[in-house]
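Heads up, the thing below is written out as structure tokens.
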2 protein chains.
Amino acid sequence: MATSLNSAPENEVLKLDNQLCFPLYAVSRMLTKAYQPYLLALDLTYPQYLVFLLLWEQEPLTVKEIGEKLLLDSGTLTPLLKRMEQKQWVSRQRDPHDERSVVIGLLPAGRALQAQACQIPEQILTKLNMSAAEFTALRTQLNQLLSQLT
Amino acid sequence: MATSLNSAPENEVLKLDNQLCFPLYAVSRMLTKAYQPYLLALDLTYPQYLVFLLLWEQEPLTVKEIGEKLLLDSGTLTPLLKRMEQKQWVSRQRDPHDERSVVIGLLPAGRALQAQACQIPEQILTKLNMSAAEFTALRTQLNQLLSQLT
DNA sequence: CAATGTTTAATTGTGCACAATTAAATTTTT
DNA sequence: AAAAATTTAATTGTGCACAATTAAACATTG
């Protein structure tokens, strides 16, 4: 079969290069991959790292609170947090005052990871090859877009 | 246990709000969700939609070519393309001139989806609430970042 | 030409994402 | 207080992502 090229102007809008969604999707995945070597050294996955960023800042947090901050639901978080519990990084227990809630706290091993993780952001920043101003501007734009989409 | 707040300046770099990776990750997922109602109407997933964007522009393509353009490997593409084949959207056959390659072509049902899909980009654009200039600028920035990360 | 190395998909196994459902605890309404 | 509605996690099932391995086809080298 001969190669067919379909470049009719009415289809311009469907070209991959004209989409915003694809670079977003691809950059997100490639950036996660850029974290991989550092996270692997800590035996962490990227979503687990995000949960730690929250807990290192404030703990304990309920599954609901983590879900609201990371925009993830219990279908994702419950098994993820169980794996983090198995590694003795976090505790999971029902809130005695509201048995519906599960409270996630840091265990010593999870708290100890922070010291090793705090080198990661600067090493990623190097890989990005962006100025601090560009970094902040892009982050602001994306946060605006995020609030538009949520 | 009392809530612990850890805001020591040496940990600022680990705060979720200071990361670029999180808004990228979250916007990517929320944007995919914004596509959901339109894709659901065509019985498509988002990665399948991306494959179609490529094939509508040019076909046939090998699995390798699709993987290079979307930055996906055969572990993702093989089962995805098999599902698309099952729905009679695409054909999958070994290249007779190089039996290592699998050539993906459009079938009539897959070609027909283009007409229904071409309304999607403008509807997404509305949801984004961005000017054309902002849209293009952000896309350019992300494409730059993508080439930096690949 | 035979041996070696490379390329290409497929396979296997793990961990997200997420829609949909379920079940228990709590809150609100009557 | 009893009934109804809401909230919260957990569960189930599907479909990516991706690392690592395998196997076949092809290319290169001696």
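It should be emphasised that the depicted structure is a prediction, and the values quoted were computed from it without experimental measurement. A note on names: the letters A, B, ... follow the listed sequences, proteins ahead of strands, and every chain is numbered from 1.
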Rounding to an integer number of Å, can you tell me how far A:R94 CZ sits from C:dT26 C1'? 13 Å
Bounded by its outermost nucleotides with an atom under 4.0 Å from a heavy atom of chain B, the footprint on DNA chain D reads D:dG15 to D:dC26
Let me know the distance between CZ of A:R100 and P of C:dA25, rounded to the nearest Å. 11 Å
Measure the spacing between CG of A:L113 and CG of A:D43 and express it to the nearest 0.5 Å. 9.0 Å
Ring centroids only, cut at 6.0 angstrom: are A:Y38 and A:Y49 within range, meaning strictly under it? no
What's the spacing between B:T78 OG1 and B:R92 CZ if we round to 0.5 Å? 6.5 Å
What is the nucleic acid contact for B:T32, judged by heavy atoms within less than 4.0 Å: base, sugar-phosphate only, or nothing? nothing
Any residue of residues 16-26 of chain B with a heavy atom less than 4.0 Å from an atom of DNA chain D: none
Can you pull out the residues from residues 142-150 of chain A that lie within a 4.0 Å heavy-atom distance of DNA chain D? none
Can you measure from CE (A:M30) to NZ (A:K127) and round to the nearest 0.5 angstrom? 12.0 Å
Heavy atom of residues 72-90 of chain B under 4.0 Å from DNA chain C: which residues? B:S74, B:G75, B:T78, B:K82
Comparing B:E68 with B:K33, nearest DNA chain C nucleotide closer to 5' gives the residue B:E68
Atom CG of A:D98 and atom P of C:dT26: how far apart are they, to the nearest Å? 5 Å
How long is the line joining NZ of B:K64 and P of C:dT7, in whole Å? 8 Å
Rounded to the nearest 0.5 Å, what's the gap from CD1 on A:I120 to SG on B:C21? Could you check? 10.0 Å
Is there a donor-acceptor contact under 3.5 Å from the side chain of A:N143 to the main chain of A:L146? no
Could you tell me whether a side-chain N or O of A:K69 sits under 3.5 Å from a main-chain N or O of A:L54, the two making a donor and an acceptor? no
Let me know, please, whether A:Q36 or A:T62 comes out on the 5' side of the other along DNA chain D by nearest nucleotide. A:T62
Classify the ring geometry between B:F52 and B:W56 as parallel (under 30°), tilted (30 to 60°) or perpendicular (over 60°). parallel
A:E134 side, atom CD; A:N129 side, atom CG - distance, nearest 0.5 Å: 8.5 Å
Under the 3.5 angstrom rule, does the side chain of A:R29 hit a backbone N or O of B:L71 as a donor-acceptor pair? yes
Determine the stems involving DNA chain D; a stem requires 3 or more consecutive pairs of the Watson-Crick or G-U wobble kind, each with both distances below 3.5 Å, and the answer is none if no such run exists. C:1-30 with D:1-30
Please work out which residues in residues 41-54 of chain A have a non-hydrogen atom less than 4.0 Å from an atom of DNA chain C and list them by number. A:T45, A:P47, A:Q48
Of all heavy-atom pairs linking B:L14 and A:A117, the shortest is CD2-O, 3.8 Å
N/O donor-acceptor pair under 3.5 Å between A:R139 side chain and B:N18 backbone: yes
